[in-house]
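Protein chains get the first letters and strands the later ones, always in sequence-line order, with residue 1 at the start of each.
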There are 2 protein chains.
Amino acid sequence: MADHKKRFEIIIQKLRENGQKITPQRMAIVKILAKSTGHPSVEDIHDEIKKDFPTMSLATVYRNIVLIKSLGEVLELGFPDGRNRYDGNKPYPHPHVICIKCKKVIDSNLGSLDDLKDEVAVETGFKILNHRLDFFGICSNCMAEKV
Amino acid sequence: MADHKKRFEIIIQKLRENGQKITPQRMAIVKILAKSTGHPSVEDIHDEIKKDFPTMSLATVYRNIVLIKSLGEVLELGFPDGRNRYDGNKPYPHPHVICIKCKKVIDSNLGSLDDLKDEVAVETGFKILNHRLDFFGICSNCMAEKV
DNA sequence: CTCTCTGCAAAGTGTTTGCAGGGTC
DNA sequence: GACCCTGCAAACACTTTGCAGAGAG
């Protein structure tokens, strides 16, 4: 089974277990999140779904993302421009590389921060629950453009 | 000369070099940013200054932060709760450790990410300009509280 | 049949901007 | 004296919320 198909089933299952109802809108949102390799914003998701579902409301997207986030099944990428992006395919913390020109976001597969996390915990006395590591720069496409 | 005094002079000097005028409001803002070990929000800064300067406007704080940010003399910490914090004492990227209960932010002195940055650049083809590394958790104070 | 979910519109929150008067250089 | 800066209030962008009707289980 394809990876994003699996993720879709997992999220839907988790919703069911929590007594949530499976509405068509909810399925459409989960479907996009499950294969969210493009790190869509709420508006991206809304636009995408409106193609087949013209009455879909932005509020519904927001509400469902809050819900799925509370189940730990989607990762929110806080964005400097105030437009958050979401990753429901890899909902655990992992490094992102972000182009400040075209806003493209790609995942990096490098570097576990577990050691550093432990060191920081000792240094500060915190119990570390979570982290985020983002690199900002210019992607090769944007660099190639002579603007 | 104390560290934050030095930072104050550096920022003021940089403003002068850029042809900006040194107003009392601006000095007050720079003074707080220069010793911003507490990582104040815009509202924190505004509140602090209003004690001696009751007519100080929020808009002025925002405008000055944009200006100083454009000179590279203050670091903006994007916050999940949408209330940004600022560090004008160490304006270069460095790891932060954030308590999700009391919102306290402290600096970590560990870990250079230069190696990782180079690896990510090779992996993705990006030219990396910047990064951010934040750990979220519970500080020892909040852990001690039986709430 | 019950109880949650949706769509709509209004309200909220943090930030930015237009304008006219005031202050720095 | 020229031009930038400030304070005020309105405008903005994103997100959240109240309500009444629709739909899942």
Side-chain angles (χ1 to χ4, degrees), chain A residues 11-33 39-71 74 76-86 103, chain B residues 11-33 39-71 74-86 103 105:
Chain A
I11 299 175
I12 292 290
Q13 182 55 25
K14 205 143 181 180
L15 285 165
R16 259 194 251 277
E17 282 165 15
N18 276 265
Q20 319 290 345
K21 299 182 174 172
I22 309 302
T23 64
Q25 294 93 329
R26 188 159 281 170
M27 283 178 64
I29 293 165
V30 171
K31 196 161 140 196
I32 291 181
L33 288 178
H39 306 82
S41 67
V42 166
E43 207 180 327
D44 292 336
I45 297 170
H46 184 230
D47 288 349
E48 179 69 23
I49 297 179
K50 267 210 301 197
K51 289 179 192 166
D52 320 281
F53 213 132
T55 66
M56 163 66 74
S57 157
L58 251 185
T60 296
V61 182
Y62 276 110
R63 272 190 279 234
N64 275 284
I65 284 185
V66 169
L67 172 63
I68 299 168
K69 213 168 36 171
S70 78
L71 301 177
V74 67
E76 183 174 69
L77 317 186
F79 245 58
D81 68 354
R83 179 177 267 140
N84 290 336
R85 313 295 192 86
Y86 296 89
K103 311 291 184 195
Chain B
I11 299 174
I12 292 291
Q13 181 55 26
K14 205 142 181 181
L15 286 165
R16 259 194 252 276
E17 284 167 12
N18 276 266
Q20 319 291 344
K21 299 181 175 173
I22 309 303
T23 65
Q25 293 94 328
R26 188 159 280 171
M27 283 177 65
I29 293 165
V30 171
K31 196 162 140 195
I32 291 181
L33 288 178
H39 306 83
S41 67
V42 166
E43 206 180 328
D44 292 336
I45 297 170
H46 184 230
D47 288 348
E48 178 70 24
I49 298 179
K50 267 210 299 196
K51 289 179 192 166
D52 322 280
F53 212 134
T55 66
M56 163 66 74
S57 156
L58 251 186
T60 297
V61 181
Y62 277 109
R63 273 190 278 234
N64 275 284
I65 285 184
V66 169
L67 172 63
I68 299 169
K69 215 170 31 172
S70 77
L71 301 177
V74 68
L75 181 72
E76 184 174 68
L77 317 186
F79 245 58
D81 68 355
R83 180 178 266 139
N84 289 336
R85 313 295 192 84
Y86 296 90
K103 310 292 184 196
V105 180

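Between the C1' atom of dG7(C) and the CG atom of Leu58(A) lies a distance of 11 Å, rounded to the nearest Å. Whole-Å rounding puts the Asp81(B) CG to dT16(D) C1' distance at 15 Å. Atom CE of Met27(B) is separated from atom C1' of dC4(D) by 17 Å (rounded to the nearest Å). Rounded to whole Å, atom C1' of dA24(D) lies 11 Å from atom CD of Gln25(A). Nucleotide dT16(D) holds its C1' atom 14 Å from the CG atom of Asn64(A), rounded to whole Å. For the pair Phe79(A) CZ and dG14(C) C1', the computed distance is 19 Å after rounding to whole Å. Between the CG atom of Leu67(B) and the P atom of dC4(D) there is a distance of 13 Å, given to the nearest Å. Atom NZ of Lys103(B) is separated from atom P of dG14(C) by 12 Å (rounded to the nearest Å).
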What's touching nucleotides 22-25 of chain C from the protein side, N or O pairs under 3.5 Å?
unit_1, atom_1, unit_2, atom_2, d
dG23(C), N2, Lys21(B), NZ, 2.9
dT24(C), O2, Lys21(B), NZ, 2.9
dC25(C), OP1, Ile22(B), N, 3.0

Got a list of protein N/O to nucleotides 18-21 of chain D N/O distances below 3.5 Å?
unit_1, atom_1, unit_2, atom_2, d
dG18(D), O6, Arg63(A), NH1, 3.2

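Residues meeting the salt bridge (Lys or Arg N to Asp or Glu O under 4.0 Å) test with Arg83(A), sequence neighbours left out: Glu43(A). With sequence neighbours excluded, no residue forms a side chain to side chain donor-acceptor pair (under 3.5 Å) with Thr60(A). His46(B) is linked by a ring-ring contact (aromatic ring centres under 6.0 Å, His included) to nothing, counting only residues two or more places apart in sequence or in another chain. Legend: residues meeting salt bridge (Lys or Arg N to Asp or Glu O under 4.0 Å) with Lys69(B), ordered by chain and number and at least two apart, are Glu76(B). Among residues two or more places apart in sequence or in another chain, the side chain to side chain donor-acceptor pair (under 3.5 Å) test is passed with Lys103(A) by none.
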When the side chains of residues 21-29 of chain A are checked against the rest of the protein, which donor-acceptor pairs come out under 3.5 Å, sequence neighbours left out?
unit_1, atom_1, unit_2, atom_2, d
Thr23(A), OG1, Arg26(A), N, 3.1
Arg26(A), NE, Asn64(A), OD1, 2.6
Arg26(A), NH1, Lys21(A), O, 2.9
Arg26(A), NH2, Asn64(A), OD1, 3.3

What donor-acceptor contacts under 3.5 angstrom involve side-chain atoms of residues 49-57 of chain B, with partners at least two apart or in another chain?
unit_1, atom_1, unit_2, atom_2, d
Lys51(B), NZ, Glu48(B), OE1, 3.4
Ser57(B), OG, Ala59(B), N, 3.0

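A close approach under 4.0 Å does occur between a side-chain nitrogen or oxygen of Tyr62(B) and OP1 or OP2 of dT15(C). Contact annotation: Asn84(A) side-chain N/O to dT15(D) OP1/OP2 distance is under 4.0 Å.
Residues from residues 40-57 of chain B with heavy atoms under 4.0 angstrom of DNA chain C: there are none.
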Side chain to side chain contact (heavy atoms under 4.5 Å, CB included) evaluation trace for Tyr62(A) with Val42(A): CA-CA 7 Å; Tyr62(A) 276 110; Val42(A) 166; 3.7 Å; yes
Chi angles and distances behind the side chain to side chain contact (heavy atoms under 4.5 Å, CB included) call for Leu15(A), Leu67(A): CA-CA 9 Å; Leu15(A) 285 165; Leu67(A) 172 63; 3.6 Å; yes
Before you tell me yes or no, could you show the steps for Leu71(A) and Ile11(A) under side chain to side chain contact (heavy atoms under 4.5 Å, CB included), namely the whole-Å CA-CA distance, both residues' side-chain angles and the distance that decides it to 0.1 Å? CA-CA 9 Å; Leu71(A) 301 177; Ile11(A) 299 175; 5.9 Å; no
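Defining each end axis of the helix from dC1(C)-dG25(D) to dC25(C)-dG1(D) as the rotation carrying four pairs' C1' atoms onto the next four, with five pairs an end, the two axes are found to diverge by 40° to 10 degrees.
Scanning both residues, Ile65(B) and Val74(B), for their nearest heavy atoms gives O-CG1, 4.2 Å. Smallest separation of non-hydrogen atoms from Phe79(B) and Asn84(B): N-OD1, 3.5 Å.
Taking CD1 of Ile45(A) as the reference point, atom OH of Tyr86(A) lies at 8.0 Å (rounded to 0.5 Å).
A donor-acceptor contact shorter than 3.5 Å links the side chain of His39(B) to the backbone of Val105(B).
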